[in-house]
Amino acid sequence: MSKPRLIIDTDPGHDDAIALILAHHFADVVGITTVAGNTTVENATKNAIRICDLLDVSTPVHSGASAPLVAAPDFASEVHGDDGLGGIQLPEPSRAEASDRAIEFLLDAVEPDLWVVAIGPLTNIAQVLNRDKSWFERVAGLSLMGGTTGGGNVTAAAEFNIYFDPEAADVVFRAGGKTLMSGLNLTHQVQISATELEHVVKSSPESLRTRFIDQNFARIIERLHDLTGSPEVAMHDPCAVLAVTHPDLFEFSPREVKVELTGSHTRGMTVVDERLRVVRDLSKIEVGYGVDAHAVKSLIFEVLYGDVSEPE
Ligand code: RIB
Ligand code: CA
């Protein structure tokens, strides 16, 4: 069976980096577009190219939006560091970005069998939809990491990718195209701890790649432990990739989703309608509720560290 074809829209970002590694392993990544979020779009673009260098792939990287549609950018430096991949030593990018026209690339490169996986704020996707309302009819679908059916991570109500640019998320969810939403309620079911990593890190020969992966997990687990007290890291962005490449490991349900824009405590909240009703036309937006976390983590460990499985 041929590999799924993907465009990844991303703001690398430690978990974005793992998602990019998984995407290149399980899919045909025809392009990467970058967006401001965890860090500036300049840093995100450099990081995306550095990760491609690590994987020895020539995936074109097109830079996109440097700021949200309306709000001022509020980068996640306290988690990902000032350059977006804090704590990780990587060589400088081997090449320049393919273009600074991510929107045009997303408009022109999409095809009916191609999925777009958005693992950062939705600014680029919103700008695409503002230019071409029919865009969703020209892609297989949009798999996004963002939102939640429960509590947030940036505020009590809002998840980071939505909170960074709620106006963009509002455009995307109002468009109502084929969308898989991997929110925190789903991604928090797939947590990796330092203890687990000690078990799975095989004595594989030291390489730039294994050093990168070890530094990535060490840094993000340390920061999250400092910030939340939790000694583990959720595989947020990897879920949005694996929801396309391994759909059988996930459970999604159609839901109407609205984005709160004006609430003084709830701006950026994804309001997921879970009322039991008989509706005629089911929403094309599907919200993730279930995941085989053991199988997903085994896949992640296998790709990152070779054929190991998660400790029982
Ligand atoms: O809330 C998780 C999301 O915000 C992920 O995309 C992660 O990269 C952070 O930016
Ligand atoms: Ca991200």
Side-chain angles (χ1 to χ4, degrees), residues 6-23 32-41 43-48 51 61 63-65 68 71 73-88 102 116-125 142-166 168-169 172 180-192 216-217 219-221 223-224 227-228 230 232-243 259 267-270 287-288 291 300:
L6 309 180
I7 290 175
I8 311 287
D9 189 67
T10 180
D11 62 335
H14 292 73
D15 59 325
D16 301 70
I18 295 170
L20 286 167
I21 294 172
L22 295 170
I32 295 172
T33 51
T34 56
V35 64
N38 285 325
T39 187
T40 64
V41 69
N43 285 334
T45 305
K46 277 179 66 176
N47 292 339
I51 293 158
V61 178
S63 62
D74 184 8
F75 307 117
S77 312
E78 75 284 354
V79 176
H80 296 277
D82 291 338
D83 70 355
L85 285 178
I88 299 175
V116 175
V117 180
I119 52 177
L122 294 168
T123 317
N124 288 341
I125 311 300
L142 172 69
S143 179
L144 68 89
M145 190 282 137
T148 179
T149 63
N153 56 2
V154 182
T155 70
E159 176 279 328
F160 176 80
N161 286 336
I162 309 299
Y163 186 76
F164 187 90
D165 193 346
V172 173
L180 299 178
M181 176 183 126
S182 294
L184 297 178
N185 60 292
L186 180 81
T187 62
H188 277 156
Q189 297 177 51
V190 188
Q191 300 271 5
I192 290 178
N216 186 318
F217 276 119
R219 159 63 189 233
I220 198 70
I221 288 174
R223 289 303 298 136
L224 288 174
L227 291 168
T228 69
S230 166
E232 50 192 10
V233 58
M235 291 290 97
H236 300 301
D237 294 342
C239 281
V241 168
L242 296 176
V259 179
R267 175 168 161 80
M269 177 179 181
T270 45
V287 173
V291 56
I300 293 173

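Please read these numbers as outputs of a predicted model, since none were measured by experiment. Counting convention: from 1, in listed order, for ligands and their atoms alike. Just the heavy atoms: all of them, side chains too, but no hydrogens, waters or symmetry mates, feed the values below.
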Check: Ile119 N/O within less than 3.5 Å of ligand 1 N/O: yes
Short N or O distance, Asn38 and ligand 1, threshold 3.5 Å exclusive: yes
Which atoms of ligand 1 sit under 4.0 Å from any heavy atom of [X]?
X	answer
Asp11	10 (O)
Asp237	5 (C), 6 (O), 7 (C), 8 (O)
Asn153	1 (O), 2 (C)
Glu159	1 (O), 2 (C), 3 (C), 4 (O)
Asn161	3 (C), 4 (O), 5 (C), 6 (O), 10 (O)
Asp16	8 (O)
His236	2 (C)

Val190 vs Val291, side chain to side chain contact (heavy atoms under 4.5 Å, CB included): CA-CA, chis, key distance, verdict: CA-CA 8 Å; Val190 188; Val291 56; 3.9 Å; yes
Chi angles and distances behind the side chain to side chain contact (heavy atoms under 4.5 Å, CB included) call for Ile220, His80: CA-CA 7 Å; Ile220 198 70; His80 296 277; 4.0 Å; yes
State, to 0.1 Å, how close [X] and [Y] come at their nearest heavy-atom pair, and which atoms those are.
X	Y	answer
Val172	Leu142	CG1-CD2, 3.6 Å
Ile125	Ala118	CG1-CB, 4.2 Å
Asn38	Phe75	O-CB, 3.7 Å

Side chain, backbone, both or neither: the part of Thr187 lying under 4.0 Å from ligand 1 by heavy atom: neither
Angle subtended at the Ca ion (ligand 2) by Asp16 OD1 and Ile119 O, rounded to 10 degrees: 130°
Of [options], the residue whose pairing with [X] passes side-chain contact (heavy atoms from CB on, under 4.5 Å):
X	options	answer
Met145	Leu184, Asp16, Val241	Leu184
Thr34	Thr40, Val41, Thr39, Ile8	Val41
Phe160	Val79, Asp74, Thr155, Asp11	Asp11

Side-chain donor/acceptor of Thr270 to backbone N/O of Thr148, under 3.5 Å: yes
Of all N/O/S atoms in Asp11, the name of the one nearest the Ca ion (ligand 2): OD1
Atom of Asp237 nearest the Ca ion (ligand 2) (restricted to N/O/S, atom name only): OD2
Nearest protein heavy atom with distance in Å, relative to atom 4 (O) of ligand 1: Phe160 CD2, 3.4 Å
Selection from Val154, Ile162, Thr148, Asp15 by shortest heavy-atom distance to atom 8 (O) of ligand 1: Asp15
Worked check of side chain to side chain contact (heavy atoms under 4.5 Å, CB included) between Ile300 and Leu22: CA-CA 7 Å; Ile300 293 173; Leu22 295 170; 3.9 Å; yes
